[in-house]
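Everything below concerns the one structure shown next.
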Amino acid sequence: MASINWISTRPAERASADVTGLFVQEYGHKPAGVWSAPGRVNLIGEHVDYAGGISVPFALSQRTCVAMKQNNMGAYRIVSRIGEPEEFQRFTIPVSDVGPGRPQNWAGYALGAVWAGIEEGAIDPALGGLDIAVESDVPVGAGLSSSAALECSTALAAAELVGAEKADRTALMRACIRAENEVVGASTGGLDQQISLFGRAGHALAIDFSQATARHIPFDIARRDLSILIVNTRAPHSLADGQYAARRRVIDGVTSSLGVESLRFAEDAVARSAEWAAAHGPSPDEPIVDSERNWWRGVVARRVRHVVTEIDRTERAIAQLEAGDLREFGASMLASHASLRDDYEVTIPELDVAVEEAMAGGAWGARMTGGGFGGSVIALLPRDRVEQAADSIYEAFGKRDFNAPEFAVAVPCDGARRER
Ligand code: ADP
Ligand code: MG
C-alpha cells in the first residue's frame, strides 16, 4: 500500500516559535507579538453566504501564524514561508500603495485587510509601516480558506498591535471581506472570515447571513465515536476566476429582479427565475441569442434551485445536529453535495469520486466543502473507518490518474487569537 499523506499541523507553541524565528531571520529584530487565525470547513450551507442563506462552518486546528512589528519606513515588508518545496515569498510596498485592486498578489490578502481595517475604523491609521512574517499549516487553495486565515490573522495583529486590547472583531470581519472583494477581487461571501474570527473549540457556528446573526452549536462528534475526515483533492483550482462570479451574477440578478432580500423569502423563486433568464444572457456583455434561450432558462432555474433547497436543507440540518440525529445529518450532507454537483455545477470529478469512495467506505455523509472547482471533501465517518476510507480514496485517485490527495481529521477549534 502506498503511503498516504496526512496534513501536518504544528502545536500552537511550535508554530509561534517558528514564525518568530522566521521574523528574526528576515528583519534582524524581534516581533512585538504573534497572532494566528484558523482555516475552516463548512459542514453544510454552501454557496449561500452571499445569498442571505445559512451556513454551518467550524474553525480548524490548522492555522496561519503572523509575527508583526511596526517599522518606521512607511512601508509594509511581508514574508511568507510557503509551498512544497518550501520557499520564501516577500514583498515591500509603500503603505500608501495599498488599496482597491492592489497589490495584485498574495500580499493583497494580508495588506488589504490592514488597509480595509483602517477604513472600517478597527485599525489605528497611525500604525504606519509594518514588518510581517507568515507561516501557515492551512493548505493553500484547498477550499479550507487559507485566504481568510491570512486576512484574519494579519488584521487582528494590526488591530491589537497598538492600543486595542480587545479588537472590534465585527469590524475586522467586514475589513477582511473587503480585502478579498475589493483588493484581491474575489467575489466571495463572508462565511470564511466570520468563522475564522468567531470559531469556538468544540462547536460549529450556525450563521444566518440574512439576519446577520450567529449561534454556536456544540459539535462533539468524538463522543459518538465519529470523525470528520478532510480530503484535499489537490486538484488545480482558482476561486478568483470567472466561475464564482458567474454564479453570483445569476443569484444576485434573480434576487433583485424578484424584489426580495434573499431567494429564501421569494415564493416560487425557481419558476419565476425564467423572467430574469429571458432578459439576461449567460454573458453580461452580450444579449441572449434565440438558440440558447431554453438551455439558459434551465441553467438559471437549477442555480436558483440549489440556493433555495440548500438553505432549506441547512435549516433542517441544524435541527438534526442539535437533536443528535447524525445519521440524518449525514444524509443532508450527501444531498447538499448532489445539489452542488447537479444544480450548481461547481464540483469536479475529484470531488465526486472522493464523496463516492467515502460513502462506499462507510461514511454517514460526505460533501465538497468551500467554493468547489477543486478543493476538499469532508466525510462524516465512524472513527474506526477513517484510515480505511482514506486508503480507498487514495487508491481510487491513483487509478484515475488524479493528483495524490492528502488527508486530515478536522477538529473544531478556536478562532483568531493572540499567541504570544
Ligand atoms: P483557499 O482560501 O481555499 O485556500 P483561495 O484561492 O481563496 O483558496 O486563497 C488562496 C490564496 O491565498 C493563495 O493563492 C495565496 O495567494 C493566498 N495565501 C493563503 N495563505 C497564504 C500564505 N500562508 N502565504 C502566502 N499566500 C497565502
Ligand atoms: Mg479562500
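Every value quoted in this text rests on a predicted model; they were computed, and no experiment measured them. Whatever order the structure lists ligands and atoms in, that order sets their numbers, starting from 1.
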Exercise. Got a salt bridge between Glu26 and Arg77, using NZ or NE/NH1/NH2 to carboxylate O under 4.0 Å?
Worked result: no
Do side-chain atoms of Ser332 reach the backbone of Glu328 as a donor and acceptor pair under 3.5 angstrom?
-> yes
Quiz item: Do NZ/NE/NH1/NH2 and the carboxylate oxygens of Glu350 and Arg234 come within less than 4.0 Å?
Solution: no
Per-atom filter on ligand 1: closer than 4.0 angstrom to a heavy atom of Leu144 are 3 (O)
Using non-hydrogen atoms of the residue, decide whether Gly370 is closer than 4.0 angstrom to ligand 1.
-> no
Counting from 1 in the order shown, the ligand 1 atoms closer than 4.0 Å to a non-hydrogen atom of Ser147 are 2 (O), 7 (O), 9 (O)
Contact region, Ala142 to ligand 1, non-hydrogen atoms below 4.0 Å, reads backbone
One finds that the ligand 1 atoms under 4.0 Å from a non-hydrogen atom of Ser80 are 22 (C), 23 (N), 24 (N), 25 (C)
- Backbone or side chain, does any N or O of Ser146 fall under 3.5 Å from an N or O of ligand 1? yes
Validation: residues 196-204 side-chain donor-acceptor distances under 3.5 Å, sequence neighbours left out:
unit_1: Ser196; atom_1: OG; unit_2: Pro38; atom_2: O; d: 2.9
unit_1: His203; atom_1: ND1; unit_2: Ala201; atom_2: O; d: 2.8

Near Leu150 (heavy-atom distance under 4.0 Å), the atoms of ligand 1 are 18 (N), 21 (C), 26 (N), 27 (C)
Q. Does an N or O from Gly141, backbone or side chain, lie closer than 3.5 Å to an N or O of ligand 1?
A. yes
Anything under 30° is parallel, anything over 60° is perpendicular, the rest tilted; go ahead and classify Trp276 against His280. parallel
Closest heavy-atom pair, Gly362 versus Leu381, reported as atoms and distance to 0.1 Å, is C-CD2, 3.8 Å
Atoms of ligand 1 under 4.0 Å from any heavy atom of Trp106, numbered from 1 in the order shown, are 15 (C), 16 (O), 25 (C), 26 (N)
Would you say Ser146 has an N, O or S atom lying under 2.8 Å from the Mg ion (ligand 2)?
no
For Val134, the atoms of ligand 1 under 4.0 Å from one of its heavy atoms are 23 (N)
Query raised in the report: So, Arg264 and Asp208, do they make that salt bridge, N to O below 4.0 Å?
Result: yes
Quick note on ligand 1: atoms under 4.0 Å from a heavy atom of Gly143 include exactly 3 (O)
Atoms of ligand 1 under 4.0 Å from any heavy atom of Ile82, numbered from 1 in the order shown, are 22 (C), 24 (N), 25 (C), 26 (N)
Residues passing the salt bridge (Lys or Arg N to Asp or Glu O under 4.0 Å) test with Asp325, sequence neighbours excluded, are none
Salt bridge check, Arg383 against Asp225: does any charged N sit closer than 4.0 Å to a carboxylate O? yes
